[in-house]
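The sequence lines fix the lettering, A, B, ..., with proteins before strands; numbering per chain opens at 1.
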Amino acid sequence: MPVHNSEIATIFDNVADLLEIEEANRFRVRAYRNAANTIRDLSRSLQNMLEEGEDLSELPDIGEDLAGKIEEIVRTGRLPLLDEISDEVPEAIVEATRIPGIGPKRARALFEALDLSSVDDLKEAAEEGRIAAIEGFGEKTQARIRKEINQGVIGGERIRLDVAEDFAEPLLEWICKIEGVAKAEIAGSYRRRKETVGDLDILVQGEDGGAIIDRFTKYDEVEEVASQGKTRSTVTLRSGLQVDLRVIPEPSWGAALHYFTGSKSHNIAGRRCAQDRGLKLNEYGLFDGKKRIAGTTEEEIYDGINLPWIDPVLRENRGEIEAADKGELPVLIKPADIKGDLHAHTTASDGKNSLEEMAQAAKEKGYEYLAITDHSKSQTQARGLSEDALHRQIDEIGALNDKLDGIRLLASCEVDILEDGSLDFPDKLLERLDLVVASVHSKLELAEDRQTERMIRAMDNPLVSIIGHPTGRRIGERKSCALDMERLLQAAKDRGCVLELNANPVRLDLKDVHCRMAAEKGVDIAISTDAHSTGGLGNMRFGIDQARRGWLATENIVNTRSWNNLSKIVRRN
DNA sequence: GCCGTTTTCGGCCCGACTGTTTTCAGTCG
């Protein structure tokens, strides 16, 4: 049974959580967390690395001990250490640490003082007023615990980037108008363009922090003010989104922007770089002793630790600091590089606009081409085209292209990959198309081997140009199907098949790490919107952000090429 | 538990805010 990196990382994170509750050495706890982060970001599967006899202790943050534990997990699917400490620490304490404001120490103190055995017991104790009586606890903590448990918000879900934008952009605009605010910017994972964000970190430049924050907490959509000081405040909006605001004086702006953009592990690595040079880096600046030597801009900060500015999308401590140090940062793809969109639907299947309307919208984006990829016949719920209907659409596109000026429609189809890997339309029909996108829409639950083989079999057909939304995931709704990504990428490379990076913010399929793996293997990527309306073409920017997070450059992306060049790549036969 | 131009020990990122107590630990980011 394949063991995935994410499972191993989760085991290590769980060990860290439990060790923390047991008050183990905090650096040992951190070692497990660091290892989990390293593992989560690896571009290769640990299982494969082991099978190929590689020494895992050469990986960063993995030493002899953890390498041995990984081997054990891969072999048995379990880690005895985790089983042992799981027995020692009641599950309810672990759950209690998910209440904001309750960490490992207080969770343990609560359960020991009150002799509780579940979170329900904790709720009961809070309602009966027994928590406030414990030394070190008080009324406020008790009220908070009661509220958090009743709201059932233990944990808190991450919000999709596009959803966060809907709340963030109007809020930012409003903040910019507060008196005394010189400028404002959203930092955090939002600025790094992660596919989901946990909260918003907003920085404002201004002098009178107390007044600015006071005004901020009066924003129309603020439901609760969790904390409020002179430089910092945390509120929750009615939408459930948590917003942290920090007021930054001008000389520290760059340092604060860098610090609060993160990621945390990028910052830690950055501070080590500073330490190596005998300097100290924090959110106020870069310091030589007590003297601030940089801080106004991010460029200054990086320059001070002898690095070029690193784009926020790369700041995940996935090797960007080392690459920057060697002058080997990728030249990332940018919106202006895109010459066309290779996945779009019309009213012929489940789209909302006609061929003409889609062509016009693509032209307005400055594109050279737009591929029309309506569904194939098996997709009855999406009004998939019959063979005759596709024949007719190909003729229609041909005729329309004669009339169109400055944009070319490509005759295409999003053909279903059937359960056995064969295609929903015969080759004879597909041969008439400019290119073919092949996607899986059914039987997403197949076992990893069968799912992987199914897609590889589809790629065996040289008429298939691009595999659409390869993993089928929908963020927050549906997990990725089980796929051996390394094998899939190798198969794509061997066959010259392109993989899609679906730019729909609900999909963003491939993930950033998969994009990076693809680039490392030399697999071409198409960033496509899968637009079902003219507005949907605008999702390209989410795909580009994702590609940039995956270190992709112009040359990795096929739809940065003119059709003359692109046609040679997508016509493999 | 990891790591090393300070290499087998002794370090390990850093500061704000809260709630509690009255000088600070815990938590968070």
Side-chain angles (χ1 to χ4, degrees), chain A residues 12 15-16 19-21 23-39 56-70 79 81 96-110 131-145 148 156 187-190 192 197-203 209-210 213 225-235 242-248 252 255-256 258-287 305 317:
Chain A
F12 283 173
V15 169
L19 285 177
E20 204 169 16
I21 292 167
E23 295 182 339
N25 179 315
R26 63 201 175 99
F27 298 108
R28 188 179 168 213
V29 172
R30 188 184 297 171
Y32 277 97
R33 290 205 202 287
N34 289 343
N37 288 335
T38 296
I39 291 167
L56 301 184
S57 70
E58 283 176 14
L59 293 168
D61 301 317
I62 310 283
E64 292 294 324
D65 182 88
L66 291 183
K69 288 192 166 77
I70 292 169
L79 181 65
L81 170 69
T97 60
R98 299 197 183 110
I99 300 171
I102 303 294
K105 292 241 165 55
R106 318 193 84 198
R108 202 168 94 144
L110 277 172
I131 289 176
I134 306 169
E135 191 181 348
F137 290 79
E139 290 292 342
K140 285 198 172 176
T141 307
Q142 175 167 278
R144 166 159 217 164
I145 289 172
E148 295 289 352
S189 46
Y190 189 89
R192 302 203 309 280
V197 301
D199 60 11
L200 289 181
D201 295 296
I202 305 185
L203 306 186
I213 280 172
V225 180
S227 76
Q228 182 175 358
K230 281 190 178 0
T231 66
R232 180 186 152 181
S233 172
T234 299
V235 304
Q242 183 180 304
V243 184
D244 288 352
L245 187 89
R246 291 176 171 83
V247 183
I248 314 293
S252 294
H258 176 259
Y259 181 87
F260 291 109
T261 296
S263 67
K264 194 173 171 181
S265 55
H266 175 88
N267 286 351
I268 290 171
R271 284 196 285 269
R272 287 223 183 89
C273 285
Q275 274 188 330
D276 290 347
R277 291 166 171 81
L279 306 171
K280 189 175 83 167
L281 177 60
N282 60 26
E283 63 256 55
Y284 302 106
L286 183 65
F287 294 87
I305 52 176
N317 196 25

**Message:** For A:I62 and A:E135, find the nucleotide of DNA chain B closest to each by heavy atoms; which residue's nucleotide sits nearer the 5' end?
**Reply:** A:I62
**Item:** C1' gap between B:dT23 and B:dG19, integer Å
**Value:** 13 Å
**Asked** Just by distance, do the side chain of A:S57 and the backbone of A:E64 share a donor-acceptor pair under 3.5 Å?
**Response** no
**Asked** Going by an N to O cut-off under 4.0 Å, is there a salt bridge joining A:D276 and A:R272?
**Response** no
**Asked** Distance between the P atoms of B:dG15 and B:dG10, in whole angstroms?
**Response** 26 Å
**Complete:** Rounded to whole Å, CZ of A:R26 lies from P of B:dC14 at a distance of 11 Å
**Atom-to-atom span, CZ of A:R33 to C1' of B:dC2 - whole angstrom** = 16 Å
**Item:** Whole angstrom value for the distance that separates C1' of B:dG10 from CZ of A:F27
**Value:** 10 Å
**Request:** Quick one: label A:R272 by what it contacts on the DNA or RNA (base, sugar-phosphate, nothing), any heavy atom closer than 4.0 Å.
**Result:** sugar-phosphate
**Item:** Separation of atom CD in A:E139 from atom C1' in B:dT20, rounded to whole Å
**Value:** 12 Å
**Asked** Under 3.5 Å, is there a donor-acceptor pair between the side chain of A:R144 and the main chain of A:I99?
**Response** no
**Message:** Can you list everything that forms a side chain to side chain contact (heavy atoms under 4.5 Å, CB included) with A:N37? Sequence neighbours excluded, please.
**Reply:** A:R40
**Request:** Whole angstrom is fine here: how far is it from CD in A:Q228 over to C1' in B:dG19?
**Result:** 16 Å
**Fill in**
Atom CZ of A:R28 and atom C1' of B:dG10 are separated, to the nearest Å, by 18 Å
**Pairwise C1' distance for B:dC17 and B:dC12, with rounding to whole Å** = 25 Å
**Atom-pair distance (CD1 on A:I268; C1' on B:dC3), nearest Å** = 15 Å
**Asked** Who are the salt bridge (Lys or Arg N to Asp or Glu O under 4.0 Å) partners of A:R192, not counting sequence neighbours?
**Response** A:E316
**Asked** Considering only the C1' atoms, how many Å lie between B:dT7 and B:dC3, rounded to the nearest integer?
**Response** 9 Å
**Prompt:** Of the nucleotides B:dG1, B:dA16, B:dG19, which has the atom closest to the A:T231 side chain?
**Reply:** B:dA16
**Prompt:** Can you list the residues that meet the side chain to side chain contact (heavy atoms under 4.5 Å, CB included) rule with A:R246, with sequence neighbours excluded?
**Reply:** A:D201, A:L203, A:R232, A:D244, A:I248, A:F260
**Fill in**
Which of B:dT18, B:dC14, B:dC12 is nearest the side chain of A:S227? It is B:dT18
**Message:** Classify A:L19 by what it touches in the nucleic acid, base, sugar-phosphate, or nothing, heavy-atom distance under 4.0 Å.
**Reply:** nothing
**Message:** Please tell me if A:K280 has a side-chain N or O lying less than 4.0 Å from either OP1 or OP2 of B:dG15.
**Reply:** yes
**Request:** Please state how far atom CG in A:D276 lies from atom P in B:dG4, giving the value in whole angstrom units.
**Result:** 10 Å
**Message:** A:T231: which residues meet the side chain to side chain contact (heavy atoms under 4.5 Å, CB included) condition with it, sequence neighbours left out?
**Reply:** none
**Asked** Which whole number of Å gives the distance between the C1' atom of B:dC28 and that of B:dT22?
**Response** 24 Å
**Prompt:** When you measure from the side chain of A:D65, which nucleotide among B:dC14, B:dC2, B:dC12 comes out closest?
**Reply:** B:dC2
**Request:** Determine the interatomic distance between P on B:dG1 and the same-named atom on B:dT5; round to the nearest Å.
**Result:** 23 Å
**Request:** Using salt bridge (Lys or Arg N to Asp or Glu O under 4.0 Å) as the criterion, list what pairs up with A:E23, not counting sequence neighbours.
**Result:** A:R108
**Non-neighbouring partners of A:A107 that pass side chain to side chain contact (heavy atoms under 4.5 Å, CB included), sequence neighbours left out** = A:I93, A:A96, A:T97, A:I102
**Request:** Taking ring-ring contact (aromatic ring centres under 6.0 Å, His included) as the test, write out the residues that go with A:F12, two or more places apart.
**Result:** A:Y32
**Complete:** Re B:dC24: Watson-Crick or G-U wobble partner, both distances kept under 3.5 Å, found to be B:dG19
**C1'-based separation of B:dA25 from B:dT21 [nearest Å]** = 11 Å
Distances under 3.5 Å between protein N/O atoms and the N/O atoms of nucleotides 5-7 of chain B, please, pair by pair.
none

**Request:** Map A:F137 and A:G229 onto DNA chain B by nearest heavy atom, then report which one ends up closer to the 5' terminus.
**Result:** A:G229
**Prompt:** Say you pick atom C1' in B:dT27 and the same atom in B:dT20; how far apart are they, in whole Å?
**Reply:** 14 Å
Close N or O pairs between protein and nucleotides 25-29 of chain B (under 3.5 Å):
from: B:dT27; atom 1: OP1; to: A:G103; atom 2: N; distance (Å): 2.8
from: B:dT27; atom 1: OP1; to: A:G103; atom 2: O; distance (Å): 3.1
from: B:dT27; atom 1: OP1; to: A:R106; atom 2: N; distance (Å): 2.8
from: B:dT27; atom 1: OP2; to: A:K105; atom 2: N; distance (Å): 3.3
from: B:dT27; atom 1: O5'; to: A:G103; atom 2: N; distance (Å): 3.4
from: B:dC28; atom 1: OP1; to: A:G101; atom 2: N; distance (Å): 2.9
from: B:dG29; atom 1: N2; to: A:Y259; atom 2: OH; distance (Å): 2.6

**Message:** Is it the case that the side chain of A:Q142 and the backbone of A:I131 share a donor-acceptor pair, with hydrogens and angles ignored and the cut-off at 3.5 Å?
**Reply:** yes
